[in-house]
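Heads up: the structure comes next, in structure tokens.
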Amino acid sequence: MGPLAVTQLLALISLTVALDNGLLKTPPMGWIAWERFRCDIACEDDPKNCISEGLFRDMADRLSEDGWKELGYEYVIIDDCWMSRLRDQQGRLQPEPSRFPGGIAQLAKYIHDRGLKLGIYADIGTHTCMGYPGTTLDKIDIDAQTFASWGVDYLKFDGCSSNAVEQMLGYPLMSKALNATGRPMAYSCSWPVYVGGLPPNVNYTFLGDICHLWRNYYDIQDSWDSVLSIVEWFSNNQDDLQPAAGPGQWNDPDMLIIGNFGLSVDQARSQMALWAIMAAPLIMSNDLRNLDNSARTILQNKMAIAINQDPMGIQGRRLLQEKSHVEVYWRPLSQSASALVFLSRRTDMPYLYHSSLGKLSYDAGNYEAYDVFTGATVTGLNATTEFTFSINPSGVVMCPSWAPGALRALGSAEEVVHVHPRLSHTDPFLVRLGSVPFCQLLSLTD
Ligand code: GLA
């Protein structure tokens, strides 16, 4: 097929595709197998940890019994390596029978019975990334129908073993096929990763029409280096990425690895804080059966979750990179609030950071702030109040705050309008925005 034919075909598909099933008005929350359990199929040696129905039932039990569901963590998502190497006689995907003897429909029922939702994984190529059967273009309809018939609620559609043309055709066609099943399913597209993650290769406007979320960048691994490289890439490219996000359409910097082996407590708080600022999906990949208290407390932090789930759905931005290697991130929130994160990328010792609301470009006004990780409330702040707090190496201080008052400079009001086409200058939150977060204040002077 020549490039012109592909363009025409894409235009035709675009005319007919819009995944508008009302899902994911806020970023999805839940659990997925991949980062922690990978492609462990050694059930004889490792029955508790291998990719099998038991693992997903265990995680559903934990989500429903340990307070996760009430906080919004609702999706239990199967990743790669669930399939049989062969399709069935009708050409349908089928789970590997020795590891999923009850089948996916029965697992879906188990998950639904606990008030949770089931996600599954497929790939627009000849094979999945781990070599299981792919969903080539001719298989898109049948696979969408199979997932719907099983009661699947979410599809992660990967892009290994496919070329650019197959991706360009396959991602919109799967969107259409999911729609056509009549079953509302969330649709997570890995397409951007496979074409570099940025315009002009990625058309984020179109992606927002056909997918609810999309992976932009490389896979997360169990290390702070990996978290940092993802944050760095997202921040360096925020002018392209940030406008793409909004209710029903989210950038996905990949899974939360909190509770695994690679992050210190400070680094775990940093991931939670930055994922909240980035309006990122809060999809954990950890072992919910063996989670220490600090990981549980961070992942279940209600204020961090509320910031992540803010109904306005505006993704935050990195505002400042100080010479001291402190970075300031900011996200506007509904109801005249905003959230700030102060991240230290230092590697020496806790750093005393001095600033004021005014320096962060907030207007005059009285502000109240809340420390997300200590719970402390600070009142009586105004734009000239100088504050100092201590940020641990690779740690954060995170604060949402609220108060009447206008946010100026950083071009914020302007910028938000620019970057977020759904909002207009007259939206009240834009003019009322203002609130500053400070936390763990060591000193305050007017
Ligand atoms: C790709 C994806 C990962 C995971 C693996 C499974 O690498 O980006 O998130 O799904 O495939 O093989």
Side-chain angles (χ1 to χ4, degrees), residues 27-42 49-52 55-56 59 75-85 93 95-96 99-100 104 118-136 143 147 152 154-164 166-167 170-171 174 185-198 201-202 207 211-223 225-227 229-231 233-234 241 250-260 262 271 275 278 280-287:
M29 295 176 65
W31 180 92
I32 191 166
W34 182 255
E35 198 293 314
R36 176 63 180 78
F37 295 97
R38 307 286 170 143
C39 195
D40 177 357
I41 54 171
N49 299 311
C50 67
I51 302 302
S52 66
L55 180 70
F56 297 97
M59 296 306 160
Y75 287 99
V76 180
I77 307 169
I78 304 171
D79 206 286
D80 206 345
C81 306
W82 63 272
M83 297 169 193
S84 159
R85 301 269 177 193
L93 290 172
E96 167 53 41
R99 291 183 283 116
F100 293 85
I104 304 294
L118 172 68
I120 208 161
Y121 169 98
D123 184 292
I124 179 61
T126 53
H127 296 91
T128 72
C129 298
M130 293 307 294
Y132 289 82
T135 303
T136 43
D143 288 357
F147 299 147
V152 166
Y154 178 116
L155 173 64
K156 171 173 173 178
F157 204 32
D158 213 340
C160 277
S161 310
S162 64
N163 63 35
E166 288 156 354
Q167 292 155 14
Y171 280 99
M174 178 56 89
M185 283 184 263
Y187 183 35
S188 164
C189 301
S190 300
W191 188 8
V193 184
Y194 291 89
V195 289
L198 295 173
N201 289 358
V202 181
L207 209 59
C211 309
H212 293 107
L213 64 153
W214 45 80
R215 283 281 311 285
N216 314 66
Y217 190 60
Y218 300 129
D219 291 4
I220 200 162
Q221 308 294 341
D222 193 4
S223 76
D225 274 0
S226 171
V227 170
S229 71
I230 290 172
V231 170
W233 185 85
F234 271 77
L241 303 176
W250 309 104
N251 293 300
D252 179 5
D254 214 0
M255 298 157 249
L256 291 169
I257 55 164
I258 299 165
N260 294 333
Q271 193 190 18
W275 262 234
M278 290 193 288
L282 295 182
I283 300 181
M284 308 176 276
S285 188
N286 51 14
D287 187 348

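Quick caveat, the model's predicted, so the values are computed rather than measured. Both counts, for ligands and for their atoms, begin at 1 and track the order of listing.
- Between atom 1 (C) of ligand 1 and the options Thr128, Asp158, Ile220, the minimum heavy-atom separation is to Asp158.
- With a 4.0 Å heavy-atom cut-off, ligand 1 is reached by no atom of Val193.
- Put simply, the side chain of Trp233 reaches to within 4.5 Å of the side chain of Leu241, judged on heavy atoms.
- By the 4.5 Å heavy-atom criterion applied to side chains, Trp34 and Cys39 are counted as neighbours.
- For atom 3 (C) of ligand 1, the candidate residues are Asp219, Asp252, Asp80; the nearest heavy-atom contact is made by Asp219.
- At least one heavy atom of Asp79 sits closer than 4.0 Å to an atom of ligand 1.
- Between Phe234 and Tyr217, the ring-plane angle classifies as perpendicular under the 30° and 60° cut-offs.
- Contact between Ile124 and Glu166 at its shortest, heavy atoms only, is CG1-O, 3.8 Å.
- Below 30°, between 30° and 60°, or above 60°: for Tyr171 and Trp191 the angle between ring planes is below 30°, a parallel geometry.
- Once rounded to the nearest 0.5 Å, the distance linking CH2 of Trp31 with CD1 of Ile283 reads 11.5 Å.
- Within ligand 1, counting atoms from 1 as listed, the ones closer than 4.0 Å to a heavy atom of Lys156 are 3 (C), 4 (C), 9 (O), 10 (O).
- Exactly one of Arg215, Gln221, Glu35 qualifies for a side-chain contact (heavy atoms from CB on, under 4.5 Å) with Asp254. That residue is Arg215.
- For atom 5 (C) of ligand 1, the closest non-hydrogen atom of the protein is Trp34 CE2, 3.6 Å.
- Atom numbering of ligand 1 starts at 1 in the shown order; those under 4.0 Å from a heavy atom of Cys129 are 1 (C), 11 (O), 12 (O).
- Of the polar atoms of Tyr194, none of the N or O atoms is found under 3.5 Å from an N or O of ligand 1, judged by distance alone.
- Under the 4.0 angstrom criterion for non-hydrogen atoms, Tyr121 is in contact with ligand 1.
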